[in-house]
Amino acid sequence: MPQKLFNTKTRKKEILQPVKESAIGMYVCGITAYDVCHVGHARAAVVFDVVFRHLKARGYNVTYVKNFTDIDDKIIDRANKEGVDIYRITERYIKLHDEDMAALNVLTPTVTPRATAHMSDMIDLIAILEGKGIAYAVDGDVFFAVDNYPAYGGLSGRHLDEMMAGARVDVNDKKRNPLDFVLWKKSKEGEPFWESPWGKGRPGWHIECSAMSRKYLGETFDIHGGGEDLVFPHHENEIAQSQAATGKPLANYWMHNGFVKINAEKMSKSLGNISPIRDIIQHYHPEVLRLFILQSHYRSPVDYSDTAMKETRTALIRCYSALQLMKETKDKLGSHSGDSLLSDQSGYVNKLEELKDQFNEALDDDFNTAQALGYVFETARLINNINAVEKKMEPVAKKIILDTATGVFSHFGNVLGIFQHDPEVFFLTDRVIEAGKRGLDVSRIELMITERQKARADKDWSRADDIRRDLASQGVILKDSADHTTWLIE
RNA sequence: GGCGGCAUAGCCAAGUGGCUAAGGCAGCGGUCUGCAAAACCGUUAUUCAUGAGUUCGAAUCUCAUUGCCGCCUCCA
């Protein structure tokens, strides 16, 4: 099955045909480094991380470029407020970004370029545009003349005349057309600046992506991604700049992820409902956030809420429970070797392989992680079913089946970037997080469990049940097995 | 004003012309268990906002109606 993806430019699902066979160049707009990353950044990062992982798993040699915008008005504002230079700000927030991404198990892109390290590339590009008469310089500023680029508006489906009608006209006497956008901005007194043919200044917002994608991926590459808010004006302007300069398409496929709402409201600073990643992972295992993001299709809006995260946590626990059970069963089976498989049991192996194929095909179809997760949960059920039903199966046959299941689940986890922990470690982390949220004392809980174990050994059921009821009232759920008791916070 | 999107069970969410409408959460019945929890088995939408149309056949296509939402200004 060929890879399909929804192309914002054509508003259709298309078959991915790379510029270079079996290689993919992908550029995703990263963050402006002036504040900590929030759940919306997490979504974009996780979505394109899965695109990156799946394409690699399908055998493509992917070059993934994700930039840092490290020169911008907001950065300058922040630096002024703190009385430091902009590098103090950008270094801080890039570092925090990297920590958040690592916590979310987002793979580091192939290249993570910064705007300020590519000044000459940007200046070269602007000079080309000026040379072609598409850009014009006025008193130290350089603007892109939208009237000189007839295809303007092609990505976002807008027409110049319509935009003119509804435009909030930017008060700027220097512009020939109010929709012209700045390529190079003359620096004001005290602002950071770089030398250029137009004097001291700094780049406009859009030009860095045009310059850096050109440098690392060439004039035409395969996939350009970002949040849906970037369609206009950012990506529209990138296309205008790059294509006016090169005469070639910038990217063949444009992918945009949907927004994250918070409790059904738009996330915004004025509502004060921005959820930073580092706050969320204090309250939930990072894989819960990842799973939450991947449970919806990447183009749909999602509604982040505590209720939704609780439900997702339960779903993740379900998967880890299956993994743990599988691991325990395998340990008990020991090291039986051999490859004999009875025909009635090979059905399980075939079913597992089929689920793996279905999972891959779901991702081939516009990275449908929600559908792919349906197969993940079916696999978890199948594993549990085998463990529950096949008590008398030949150990050799069972081991082959469970080894297959382990491999299949490992594939799911590697592509989605979840199930990356030993189940014991996952449950331990989860207990610590949940106990912390409720102010429960883990060591005290474990003392009570030890005491209850003594009571159970003495068959003092009423004492054992009293302790369990006491713990249950604090949300602690016990799970007894023959020789020990594990626990979980509901 | 312009452009675009969405509406599927109690909740979340796949499915965009034809097998029994995935999956998760919640609920109910059963098995297992000292009792539980987890797990397993069964069950929970004759129907996909409403109305009309196209078609042998529609949740899926067309039109209309209603209701939400996003972008057009910095934003993942």
Side-chain angles (χ1 to χ4, degrees), chain A residues 8 11 13 28-32 34-35 37-48 72-74 77 153 156-159 161-168 170 179 205 225-234 236 256-261 264-269 274 291-292 295-297 299-303 305 307-308 310-319 321-322 324-325 358 362 365 368-389 456 459-462 464-465 468-469 472 476-482 485-488 490:
Chain A
T8 305
R11 298 178 201 289
K13 226 187 256 184
V28 174
C29 294
I31 60 154
T32 299
Y34 77 105
D35 206 346
C37 292
H38 54 64
V39 61
H41 296 112
R43 186 179 194 194
V46 168
V47 162
F48 288 104
D72 166 273
D73 287 345
K74 294 188 291 296
D77 285 349
S156 54
R158 292 154 208 259
H159 301 285
D161 47 354
E162 286 167 357
M163 283 190 277
M164 295 292 281
R168 302 186 195 184
D170 183 3
L179 293 171
W205 172 36
E228 66 178 0
D229 55 314
L230 297 179
V231 175
F232 189 91
H234 183 54
E236 195 69 71
H256 294 95
N257 65 275
F259 260 37
V260 179
K261 294 195 293 184
E265 282 182 320
K266 186 187 155 102
M267 183 165 57
S268 75
K269 297 222 163 172
I274 291 181
L291 182 59
F292 168 74
Q295 268 179 328
S296 302
H297 187 94
R299 281 188 279 118
S300 315
V302 301
D303 191 7
S305 68
T307 309
K310 278 183 184 144
E311 288 179 1
T312 306
R313 169 179 172 254
T314 308
L316 185 62
I317 285 172
R318 177 175 169 75
C319 292
S321 298
Q324 185 168 38
L325 180 62
Q358 288 174 311
D365 188 6
N368 194 336
T369 54
Q371 190 175 67
L373 279 165
Y375 299 120
V376 171
F377 286 104
E378 275 189 44
T379 306
R381 171 176 289 118
L382 181 62
I383 291 167
N384 287 332
N385 179 277
I386 292 167
N387 278 310
V389 174
R456 286 184 72 217
K459 294 202 178 348
D460 182 357
W461 305 126
S462 71
D465 289 351
R468 181 168 56 208
R469 263 193 295 276
V476 177
I477 306 296
L478 302 183
K479 180 182 165 189
D480 292 334
S481 57
T485 295
T486 56
W487 61 282
L488 185 75
E490 68 181 357

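Every heavy atom of this structure was used, including side-chain atoms; hydrogens, water molecules and symmetry mates were not. Since we're looking at a predicted model, the values are computed, not measured. Protein chains get the first letters and strands the later ones, always in sequence-line order, with residue 1 at the start of each.
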- So, for A:His234 and A:Cys29, which heavy atoms are closest and what is the spacing to 0.1 Å? NE2-SG, 3.5 Å
- A:Asn385 side chain N/O closer than 4.0 Å to the phosphate oxygens (OP1, OP2) of B:A39? no
- Message: Measure CG/A:Leu291 against C1'/B:C25 and give the value in whole Å, please.
- Response: 12 Å
- Spacing of A:Gln358 atom CD relative to B:C19 atom C1', expressed in whole Å: 14 Å
Listing time: all N or O pairs from protein to nucleotides 27-34 of chain B that are below 3.5 Å?
{"unit_1": "B:G34", "atom_1": "N1", "unit_2": "A:Asp465", "atom_2": "OD1", "d": "3.1"}
{"unit_1": "B:G34", "atom_1": "N2", "unit_2": "A:Asp465", "atom_2": "OD1", "d": "3.2"}
{"unit_1": "B:G34", "atom_1": "N2", "unit_2": "A:Asp465", "atom_2": "OD2", "d": "2.6"}

- Indicate, with a heavy-atom threshold strictly under 4.0 Å, whether A:Val39 touches base, sugar-phosphate, or nothing. nothing
- Item | d(CG, A:Asp73; P, B:C75) in whole Å | 10 Å
- Query: How far, in whole Å, is B:U44 from B:A21 if one measures between their C1' atoms?
  - Reply: 14 Å
- Message: Classify A:Ser268 by what it touches in the nucleic acid, base, sugar-phosphate, or nothing, heavy-atom distance under 4.0 Å.
- Response: nothing
- Do the non-hydrogen side-chain atoms of A:Ile383 and A:Leu325 ever get within less than 4.5 Å of each other? no
- Task: Could you state the atom-to-atom distance from CD of A:Glu228 to P of B:C71 in whole Å?
- Result: 8 Å
- Under 4.0 Å between any heavy atoms, over every strand shown, what does A:Leu478 touch: base, sugar-phosphate, or nothing? Just pick one. base
- Task: Report yes if the side chains of A:Leu373 and A:Gln295 come closer than 4.5 Å at any heavy-atom pair, otherwise no.
- Result: yes
- Span that lies between the C1' atom of B:U62 and that of B:C19, in whole angstrom: 27 Å
- Message: How close do A:Phe377 and A:Ala315 get, counting heavy atoms only, and between which atoms?
- Response: CE2-O, 3.6 Å
- Task: Indicate yes or no for a side-chain donor-acceptor contact from A:Asp303 to the backbone of A:Ala264 under 3.5 Å, with no hydrogens or angles considered.
- Result: yes
- Message: In this structure, how many angstroms lie between the P atom of B:A76 and the CG atom of A:Leu230, rounded?
- Response: 7 Å
- Measure from CG on A:Asp72 to P on B:C75 and round the result to the nearest Å. 7 Å
- Item | Separation between NZ of A:Lys479 and OG1 of A:Thr485, rounded to the nearest 0.5 Å | 10.5 Å
- Message: With rounding to the closest Å, how many angstrom separate the C1' atoms on B:G17 and B:G10?
- Response: 31 Å
- Is any side-chain nitrogen or oxygen of A:Trp205 closer than 4.0 Å to OP1 or OP2 of B:C75? yes
- Mind checking the P distance from B:U50 to B:U8? Whole angstroms is fine. 10 Å
- Message: I want to check one thing: is the phosphate of B:C40, taken as OP1 and OP2, less than 4.0 Å away from some side-chain N or O of A:Asn384?
- Response: yes
- Task: Assign each of A:Thr314 and A:Gly258 to its nearest nucleotide of RNA chain B by heavy atoms, then name whichever residue's nucleotide is nearer the 5' end.
- Result: A:Thr314
- When rounded to the nearest Å, what value does the distance between P atoms of B:C28 and B:C69 take? 34 Å
- Closest heavy-atom contact between A:Gly225 and A:Phe48? CA-CZ, 3.6 Å
- Nearest heavy-atom neighbours spanning A:Arg43 and A:Ser296: NH2-CB, 4.5 Å
- Item | Distance between P atoms of B:A13 and B:A52 (Å, rounded) | 29 Å
- Rounded to whole angstroms, how far apart are CG on A:Asp229 and P on B:C72? 8 Å
- Query: With side chains defined as the heavy atoms from C-beta onward, is the minimum distance between A:Lys310 and A:Glu490 less than 4.5 Å?
  - Reply: no
- Task: Report yes if a side-chain nitrogen or oxygen of A:Arg318 is closer than 4.0 Å to either non-bridging phosphate oxygen (OP1 or OP2) of B:G24; otherwise report no.
- Result: yes
- Item | Check: A:Asp365 and A:Lys13 side chains under 4.5 Å, non-hydrogen atoms | yes
- Message: Are there runs of at least three consecutive Watson-Crick or G-U pairs touching RNA chain B, with each pair's two distances under 3.5 angstrom? Give them by first number.
- Response: B:1-7 with B:66-72, B:10-12 with B:23-25, B:27-31 with B:39-43, B:49-53 with B:61-65
- Contact class for A:Lys479 (heavy atom, under 4.0 Å): base, sugar-phosphate, or nothing? base
- Task: Please determine if a side-chain N or O atom of A:Lys266 lies less than 4.0 Å away from the OP1 or OP2 oxygen of B:C71.
- Result: yes
- Message: For a quick check of understanding: with a heavy-atom distance under 4.0 Å over all strands, which category does A:Gly40 fall into, base, sugar-phosphate or nothing?
- Response: base
- Is A:Phe259 stacked on the base of B:A76, meaning ring centres closer than 5.5 Å and planes within 30 degrees of each other? yes
- Query: Is there a side-chain contact between A:Val231 and A:Glu236, using heavy atoms and a 4.5 Å cut-off?
  - Reply: no
- Message: Under 4.0 Å, counting only non-hydrogen atoms across every strand here, what does A:Leu325 touch: a base, just sugar-phosphate, or nothing?
- Response: nothing
- Item | Comparing A:Thr312 and A:Leu488 on RNA chain B - which has the more 5′ nearest nucleotide | A:Thr312
- Look at A:Asp35 together with A:Lys74 and state whether they make a salt bridge at an N to O cut-off of under 4.0 Å. no
- Message: Output the rounded distance in Å from CD1 (A:Ile386) to P (B:A39).
- Response: 16 Å
- Note on the structure: In terms of heavy-atom contacts, A:Arg381 and A:Arg318 come closest through NH2-NH2, 3.8 Å
- Message: Are A:Phe292 and A:Val302 packed together at the side-chain level, in the sense that at least one heavy-atom pair is separated by less than 4.5 angstrom?
- Response: yes
- Message: When you measure from the side-chain N and O atoms of A:Arg381 to the phosphate of B:G24, is any distance below 4.0 Å, counting only OP1 and OP2?
- Response: yes
- Which value, in whole Å, describes the distance between the P atoms of nucleotides B:G29 and B:G34? 22 Å
- Query: Of the non-hydrogen atoms in A:Ala372 and A:Ala362, which two are nearest, and what is the gap between them?
  - Reply: N-CB, 3.7 Å
- Would you mind telling me which of B:A22, B:G24, B:A76 lies closest to the side-chain atoms of A:Asn257? B:A76
- Using the P atom on both, measure B:U55 against B:U16 and round to a whole Å. 23 Å
Enumerate all atom pairs, one protein N or O and one N or O from nucleotides 11-17 of chain B, separated by less than 3.5 Å.
{"unit_1": "B:A14", "atom_1": "OP1", "unit_2": "A:His297", "atom_2": "N", "d": "2.7"}
{"unit_1": "B:A14", "atom_1": "OP1", "unit_2": "A:Ser300", "atom_2": "OG", "d": "3.2"}
{"unit_1": "B:A14", "atom_1": "O3'", "unit_2": "A:Asn368", "atom_2": "ND2", "d": "2.9"}
{"unit_1": "B:G15", "atom_1": "OP1", "unit_2": "A:Asn368", "atom_2": "ND2", "d": "2.8"}

